[in-house]
Protein chains: 2
Amino acid sequence: MTRKIPQSTVRRLSHYLRSLEGFEGSGGTISSEELAARGQTTAAQVRKDLSHFGSFGKRGLGYQVDELRARLRQILGIDRSWRVGLVGAGRIGLALFDYPAFQARGYDCVAIFDADPAKIGEAWGEQTVRSPDVFEEVLRELDVELVILAIPASAAQEMAERAVEAGVKGILNFAPIRLNVPPKVPVQDVNLVMELEALSFAISQAERNA
Amino acid sequence: MTRKIPQSTVRRLSHYLRSLEGFEGSGGTISSEELAARGQTTAAQVRKDLSHFGSFGKRGLGYQVDELRARLRQILGIDRSWRVGLVGAGRIGLALFDYPAFQARGYDCVAIFDADPAKIGEAWGEQTVRSPDVFEEVLRELDVELVILAIPASAAQEMAERAVEAGVKGILNFAPIRLNVPPKVPVQDVNLVMELEALSFAISQAERNA
DNA sequence: CTACATTTGTGAAGTTTTTCACAAACAGCG
DNA sequence: CGCTGTTTGTGAAAAACTTCACAAATGTAG
Ligand SMILES: NC(=O)c1ccc[n+]([C@@H]2O[C@H](COP(=O)([O-])OP(=O)(O)OC[C@H]3O[C@@H](n4cnc5c(N)ncnc54)[C@H](O)[C@@H]3O)[C@@H](O)[C@H]2O)c1
Ligand SMILES: NC(=O)c1ccc[n+]([C@@H]2O[C@H](COP(=O)([O-])OP(=O)(O)OC[C@H]3O[C@@H](n4cnc5c(N)ncnc54)[C@H](O)[C@@H]3O)[C@@H](O)[C@H]2O)c1
């Protein structure tokens, strides 16, 4: 039933969940058609995506909003909270730390690290910026499962290795390099330059074909 | 020769370009094999990707690094500079504005807008934060082609429409909503919550199958 | 209880993307 | 020059993903 799930399916599941969250009327139901209309996809795609994980709709009716929401959370692994370590208290790090949507989804920043002596000791909300010297130690102690790397590319590989060594289960990487870590530790890369390039490509392509 | 290019191909082209940039020896050549090793893909994939846009390798030798780099820039539409308007001088907006890699790739921030009266008039580098009141006017005057939306979801649709109205050619959108704009204006969404969810999904999935 | 109007879940068909495999092109060398 | 060892470019095969289409459920109305 649940084997190799396409990455595109996972992205759509996130969309579905977001759609459902902006959807009051807890008792109601929603059809694959309606759900498809909110994301830009098709009803068949919605049903196929969900069918990878079981069948939790009622024929003739659709999906119970409450239940589907809960089921999606479970599938995406956010029916619990995640202990997150933020590495790099720079500009991106700050933006992420302050972003309420993460907390709301169960991503809980429990430690912040930065190599800059001027930043170590700074108070960020309830957290204090710590030195990378105590990285592994703190990750272990606080049981950190996810790490966000918001540090320069030159430091990313080393910190990734140290994070893996300390038992971290996954890495969200903002540095523009490909991390080399054991395959059991998933890495999700965020590369904003690439997004901009996709955009200028799309524009240029349209102009070329015009 | 150049028709409908897969989005995945575009992403890989960005990777190839980045690999080549961290590659001195301007006179040298590189084979599809070597290029594949740097991104995590295959030699055949590299060749197929490039073949969409013509054939600019030499059999038996590989690709001339200089030429390939230039060709990739041209394909991605960054063999020129782009005039970018930043909408939202908040935390994400600041991080992006300060990010040198954008400038380096030819993305030139020529105007900043924010609705917060406290921010209007603030100096950011050579720019001054402007009021949304003069949005269309300034976009037109400065010939802004790309807009980065780093504003709350509640304001994003309106500003997107106004940007399109003012002749903008593409939108990079950080707000977690799906913008409704004419199809001639490409929109690239960045959704960090989704990236985290992909990560926790991957971890949970691995655990389930364990 | 039966006919009816929906809407799911899912094989099968269709489409897109990746991988394979090999002829054609090229440099180097004897 | 012709032979050799590479490496490209590309049809064809394979795999992955999406769309189609319809039987099976399910609530509703009569
Ligand atoms: N700012 C952006 O818009 C942006 C966009 C895309 C990607 N990125 C990438 O994100 C990363 C961070 O960017 P930024 O703009 O926040 O940079 P930044 O310079 O503002 O912050 C980086 C921080 O990391 C700290 N640091 C360096 N080495 C460290 C280590 N070993 N351990 C802990 N902390 C360490 C530095 O002291 C600094 O405070 C970079 O890789 C950058 O390429 C940034
Ligand atoms: N901070 C993050 O890490 C993060 C991550 C992912 C997505 N986002 C998204 O990016 C967007 C911005 O996030 P942020 O954290 O920078 O928020 P922020 O509140 O720090 O900044 C938003 C800024 O936009 C301004 N603004 C509001 N309406 C405007 C308008 N009509 N025109 C111009 N400016 C306007 C506000 O005055 C504010 O300065 C939000 O949609 C958020 O969901 C943020």
Side-chain angles (χ1 to χ4, degrees), chain A residues 1-16 19-20 23 25 27-69 71-72 75 198 201-202 205, chain B residues 1-16 19-20 23 25 27-69 71-72 75 198 201-202 205:
Chain A
M1 187 166 78
T2 164
R3 198 39 59 93
K4 182 79 167 300
I5 308 298
Q7 187 66 21
S8 44
T9 290
V10 180
R11 300 182 83 80
R12 284 191 299 267
L13 294 176
S14 282
H15 272 302
Y16 303 154
S19 297
L20 292 179
F23 189 99
T29 77
I30 190 169
S31 68
S32 53
E33 193 92 47
E34 293 174 272
L35 209 38
R38 289 159 201 274
Q40 55 180 40
T41 182
T42 65
Q45 184 73 80
V46 171
R47 295 200 298 276
K48 183 67 87 180
D49 284 342
L50 295 177
S51 77
H52 284 121
F53 304 94
S55 77
F56 28 89
K58 286 240 186 312
R59 301 184 180 206
L61 273 191
Y63 302 87
Q64 185 123 16
V65 174
D66 285 350
E67 189 196 330
L68 182 54
R69 203 156 29 194
R71 209 69 184 66
L72 285 172
I75 292 167
F201 172 82
Q205 186 72 351
Chain B
M1 189 165 77
T2 164
R3 198 39 59 94
K4 182 76 164 307
I5 308 298
Q7 187 66 20
S8 44
T9 290
V10 179
R11 300 183 81 80
R12 285 191 298 267
L13 294 176
S14 282
H15 272 301
Y16 303 155
S19 297
L20 292 178
F23 189 100
T29 78
I30 191 170
S31 69
S32 55
E33 192 91 45
E34 293 174 89
L35 210 38
R38 289 160 201 275
Q40 53 180 41
T41 181
T42 65
Q45 184 73 78
V46 170
R47 296 200 297 275
K48 182 67 88 181
D49 285 341
L50 295 176
S51 77
H52 284 121
F53 303 95
S55 76
F56 28 89
K58 286 240 187 310
R59 301 184 181 204
L61 273 192
Y63 302 86
Q64 185 123 18
V65 173
D66 285 350
E67 188 196 330
L68 182 54
R69 201 156 30 194
R71 209 70 184 64
L72 285 172
I75 293 167
F201 172 82
Q205 186 72 352

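Chain letters run A, B, ... following the sequence lines, proteins first, then strands; residues in each count from 1. The basis for the numbers below is simple: all heavy atoms, side chains too, and nothing from hydrogens, waters or symmetry mates.
Between Leu68(A) atom CG and dT7(C) atom C1' the separation is 14 Å, expressed in whole Å. Residue Lys58(A) contributes atom NZ, which lies 13 Å from atom P of dA25(D) at whole-angstrom precision. Separating the CZ atom of Arg47(B) from the C1' atom of dT17(C) is a distance of 16 Å, rounded to the nearest angstrom. For the pair Glu34(B) CD and dT7(D) P, the computed distance is 8 Å after rounding to whole Å. Separating the CZ atom of Arg11(A) from the C1' atom of dT18(D) is a distance of 17 Å, rounded to the nearest angstrom. We find that CG of Leu50(B) is positioned 9 Å from P of dT8(D), with the value rounded to whole Å. At whole-Å resolution of the value, CZ in Phe56(B) and C1' in dT10(D) are 14 Å apart. Atom CD of Glu33(B) and atom P of dT19(C) are 13 Å apart (whole Å).
Remark: Arg12(B) CZ to Gln40(B) CD distance equals 11.0 Å, nearest 0.5 Å. Rounded to the nearest 0.5 Å, atoms CZ (Arg69(B)) and OG (Ser19(B)) are 11.5 Å apart. For the atom pair Leu13(B) CG and Arg71(B) CZ, the distance stands at 11.0 Å (nearest 0.5 Å). Atom-to-atom distance recorded for Ser8(B):OG and Arg11(B):CZ is 9.0 Å, nearest 0.5 angstrom. Atoms CD and CG, on Glu34(A) and Leu20(A) in that order, are 10.5 Å from each other to the nearest 0.5 Å.
For Pro6(A), counting side-chain heavy atoms from C-beta on, the closest listed nucleotide (dT19(D), dC17(D), dT8(D)) is dC17(D). Closest to the side chain of Lys48(B), out of dA23(C), dT19(C), dA27(C), is dT19(C). Distances were taken from every side-chain heavy atom of Thr9(A) (C-beta onward) to each of dC20(D), dT8(C), dT18(D); the shortest belongs to dT18(D). The side chain of Ser8(A) lies closest to dC17(D), out of dC26(C), dC17(D), dT19(D). Taking every side-chain heavy atom of Thr42(B) into account, dT19(C) is the closest of dT19(C), dA24(C), dG9(C).
Nearer to the 5' terminus of DNA chain D, by closest-nucleotide assignment, is the contact made by Gly60(B) (compared with the other of Gly60(B) and Tyr63(B)). Nearest-nucleotide positions on DNA chain D for Ile30(B) and Arg12(A) put Ile30(B) closer to the 5' end.
Nucleic acid contact class of Thr41(B) (heavy atoms, under 4.0 Å, all strands): none.
Close to dT17(C), at under 4.0 Å from its OP1 or OP2, lies no side-chain N or O of Gln45(B). Close to dT7(D), at under 4.0 Å from its OP1 or OP2, lies no side-chain N or O of Ser31(B). For dG9(D), one of the phosphate oxygens OP1 or OP2 lies less than 4.0 angstrom from a side-chain nitrogen or oxygen of Ser55(B). Side-chain N/O atoms of Ser32(B) include one lying less than 4.0 angstrom from OP1 or OP2 on dT8(D).
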